[in-house]
Q: 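One structure is given below, represented as structure tokens, and several questions about it will come after.
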Amino acid sequence: MRIGVLGTGNMADALATQWVRAGHDVTIGGRDAHKAEVLAARIGGGAKPAGLRAAAESGQVVLAALPYGAGADVARDLSAVLEGKVLLDCSNPVGPGFRLLTEGGPSAAQRLAAAAPGAHVVKAFNLCHEDVWRMRPPVFDGRPLAVPVCGDDETALAHVRELVRDVGCEAVAGGGLERAGLLEATAALFIALWVGEGADVQAIAPPLAYAAGPSRRE
């Protein structure tokens, strides 16, 4: 698969590295040409540096590994290039005090979709720190990490599910793009508990057999 990456930060590094190892053709795009060159060289495996527009043009799937405040602006600038492509959003609109910056409005993913209406936006990979995505694979207590995926286009979802598997995880159907805001709110809560309180977030949820009450166990 051809993957264009918008951004040169930690999430771009972690995910692109995994996808190159899985055999995908990856182009790293950045506003700063030197940063794109350095990241592509570090990833290796044929990863190529480019500008943002060239990276978007190169990919069947385009990863928007950009800060929340920049994502929609970049998508708007590249709207024509992104027409018909899968636009994968991994951002978390979380601000100081672990506040959800989109509260009361569209999700970050929906804002990308509005900025590039011809793209097929999918939300995924936003619930974990980038170091989790660097693991080979992310398996805990013998169980692969589950990755919720939200989107409206089945072909786009199939591409993203493949990329989830290539990181060593299992994709979970998260519903349509209208539910991306729930993923973003979940990330805000998890970050507040993990970082702010040092809490074990996994301890919040009971086993599946207990999730819906006694009838599930009969």
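Heads up: numbering here begins at 1 and tracks the sequence.
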Q: With a 4.5 Å cut-off on side-chain heavy atoms, are Ile3 and Asp25 touching?
A: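 No - every pair of side-chain heavy atoms lies 4.5 Å or more apart.
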
Q: Is any side-chain heavy atom of Val94 less than 4.5 Å from a side-chain heavy atom of Tyr68?
A: no

Q: Would you list the pairs meeting ring-ring contact (aromatic ring centres under 6.0 Å, His included) in which at least one residue belongs to residues 40-61, sequence neighbours left out?
A: none

Q: Is the closest side-chain heavy-atom distance between Cys169 and Pro138 below 4.5 Å?
A: yes

Q: Measure the spacing between CG of Asn126 and CG of Leu183 and express it to the nearest 0.5 Å.
A: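 Rounded to the nearest 0.5 Å, the CG-CG separation comes to 5.0 Å.
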
Q: Do Val5 and Thr27 come within less than 4.5 Å of each other through their side chains, counting heavy atoms only?
A: no

Q: As an exercise, state the distance from CG of Leu145 to CE of Met135, rounded to the nearest 0.5 Å.
A: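 Result: 8.5 Å between the selected atoms.
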
Q: From Asp166 CG over to Arg161 CZ, what is the distance, rounded to the nearest 0.5 angstrom?
A: 13.5 Å

Q: Please evaluate residues Arg31 and Val74 with respect to the criterion side-chain contact (heavy atoms from CB on, under 4.5 Å), reporting the C-alpha separation (whole Å), side-chain torsions for both, the decisive distance (0.1 Å), and the verdict.
A: CA-CA 10 Å; Arg31 286 194 179 96; Val74 171; 3.3 Å; yes

Q: Hey, what do you get for NE2 (His24) to CE (Met1), rounding to the nearest 0.5 Å?
A: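 Here the rounded value is 5.0 Å.
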
Q: Is a donor on one side and an acceptor on the other found under 3.5 Å between the side chain of Asn10 and the backbone of Glu130?
A: no

Q: Are any side-chain N or O atoms of Ser107 and backbone N or O atoms of Gln110, one a donor and one an acceptor, separated by less than 3.5 Å?
A: yes

Q: Write down the atom of Ala108, the atom of Asp89, and the distance for their closest heavy-atom approach.
A: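 It is C-OD2, 3.9 Å.
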
Q: Side-chain heavy atoms nearer than 4.5 Å, only ILVMFWY residues, links allowed to pass through others: does that put Val164 and Val121 together?
A: no

Q: Considering residues at least two apart in sequence or located in another chain, which fulfil the salt bridge (charged side-chain N to carboxylate O under 4.0 Å, His left out) criterion with Arg134?
A: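 Result, salt bridge (charged side-chain N to carboxylate O under 4.0 Å, His left out) vs Arg134: Asp13, Asp131.
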
Q: Is Leu193 reachable from Leu182 through a run of I, L, V, M, F, W or Y residues, each pair having side-chain heavy atoms under 4.5 Å apart?
A: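 No; tracing contacts between hydrophobic side chains, which count when under 4.5 Å, never links both residues.
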
Q: To the nearest 0.5 Å, how far apart are SG in Cys90 and CE in Met11?
A: 4.0 Å

Q: How far apart are the closest heavy atoms of Leu39 and Gly7, and which atoms are they?
A: CD2-O, 4.4 Å

Q: Evaluate Leu6 against Leu78 for side-chain contact (heavy atoms from CB on, under 4.5 Å), listing each step before the verdict.
A: CA-CA 11 Å; Leu6 307 180; Leu78 300 177; 4.1 Å; yes

Q: Quick one: which residue pairs count as a side chain to side chain donor-acceptor pair (under 3.5 Å) with a foot in residues 169-196, not counting sequence neighbours?
A: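 Listed by first then second residue: Lys123-Glu184.
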
Q: Tell me whether Leu82 is reachable from Leu112 by hopping between hydrophobic residues (I, L, V, M, F, W, Y) whose side-chain heavy atoms are closer than 4.5 Å.
A: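 Yes.
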
Q: With hydrophobic residues grouped by side-chain heavy-atom distances under 4.5 Å, do Leu88 and Leu177 end up in a single group?
A: no

Q: Between Arg42 and Glu37, does any NZ, NE, NH1 or NH2 come within less than 4.0 Å of an OD or OE carboxylate oxygen?
A: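 No, no charged N to carboxylate O under 4.0 Å.
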
Q: Measure across Ala75 and Ala116 and return the closest heavy-atom pair with its distance rounded to 0.1 Å.
A: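 Smallest heavy-atom distance, with atoms named: O-CB, 3.9 Å.
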
Q: With a 4.5 Å heavy-atom cut-off, do Pro148 and Leu127 have their side chains touching?
A: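 Yes, at least one pair of side-chain atoms sits under 4.5 Å.
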
Q: Do you know which two heavy atoms are closest between Gly30 and Thr8, and how far apart they sit?
A: CA-CG2, 4.1 Å

Q: Decide side-chain contact (heavy atoms from CB on, under 4.5 Å) for Ile28 and Ile43; before the verdict, give the C-alpha distance in whole Å, the side-chain angles of both, and the deciding distance to 0.1 Å.
A: CA-CA 10 Å; Ile28 303 295; Ile43 291 170; 3.9 Å; yes

Q: Please name all residues satisfying side chain to side chain donor-acceptor pair (under 3.5 Å) with Gln202, sequence neighbours left out, ordered by chain then number.
A: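 Applying side chain to side chain donor-acceptor pair (under 3.5 Å) to Gln202 gives none.
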
Q: Please tell me if the side chains of Leu163 and Gln18 come closer than 4.5 Å, counting only heavy atoms from C-beta onward.
A: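 Heavy-atom side-chain distance check fails, nothing below 4.5 Å.
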
Q: Side chains of Val149 and Leu157, heavy atoms from C-beta outward: is any pair under 4.5 Å?
A: yes

Q: Please indicate whether Lys48 has more than 12 foreign heavy atoms, meaning atoms of other residues, nucleotides or ligands, lying under 6.0 Å from its NZ.
A: yes

Q: Quick one: are Ser91 and Leu66 in side-chain contact, heavy atoms under 4.5 Å?
A: no

Q: Could you check whether atom CZ of Arg21 has more than 12 heavy atoms from other residues, nucleotides or ligands sitting under 6.0 Å from it?
A: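 Count over threshold, so yes.
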
Q: Just by modelled atom types, is the Arg76 backbone N or O under 3.5 Å from a matching donor or acceptor in the Ser79 side chain?
A: no

Q: Determine yes or no for a side-chain-to-main-chain donor-acceptor pair under 3.5 angstrom, with Lys85 supplying the side chain and His120 the backbone.
A: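 No, the answer is negative, given that no donor and acceptor are paired below the 3.5 Å cut-off.
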
Q: When clusters are formed by joining ILVMFWY residues with side-chain heavy atoms under 4.5 Å apart, either directly or through shared neighbours, do Val62 and Val26 land in the same one?
A: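 No, Val62 does not connect to Val26 through the hydrophobic network.
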
Q: Name all pairs fulfilling the side chain to side chain donor-acceptor pair (under 3.5 Å) condition that reach into residues 140-149, sequence neighbours left out, sorted by first residue then second.
A: none

Q: Grab the two heavy atoms, one from Asp152 and one from Gly176, that are nearest each other, plus how far apart they are.
A: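 In terms of heavy atoms, the two residues are closest at OD1-CA, 3.3 Å.
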
Q: According to the ring-ring contact (aromatic ring centres under 6.0 Å, His included) rule, which pairs have a member within residues 127-168, sequence neighbours left out?
A: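 Non-adjacent pairs meeting ring-ring contact (aromatic ring centres under 6.0 Å, His included): Phe125-Trp133.
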
Q: If I compare all heavy atoms of Gly29 with all of Leu52, which pair ends up nearest, and what's the gap?
A: O-CD2, 3.6 Å

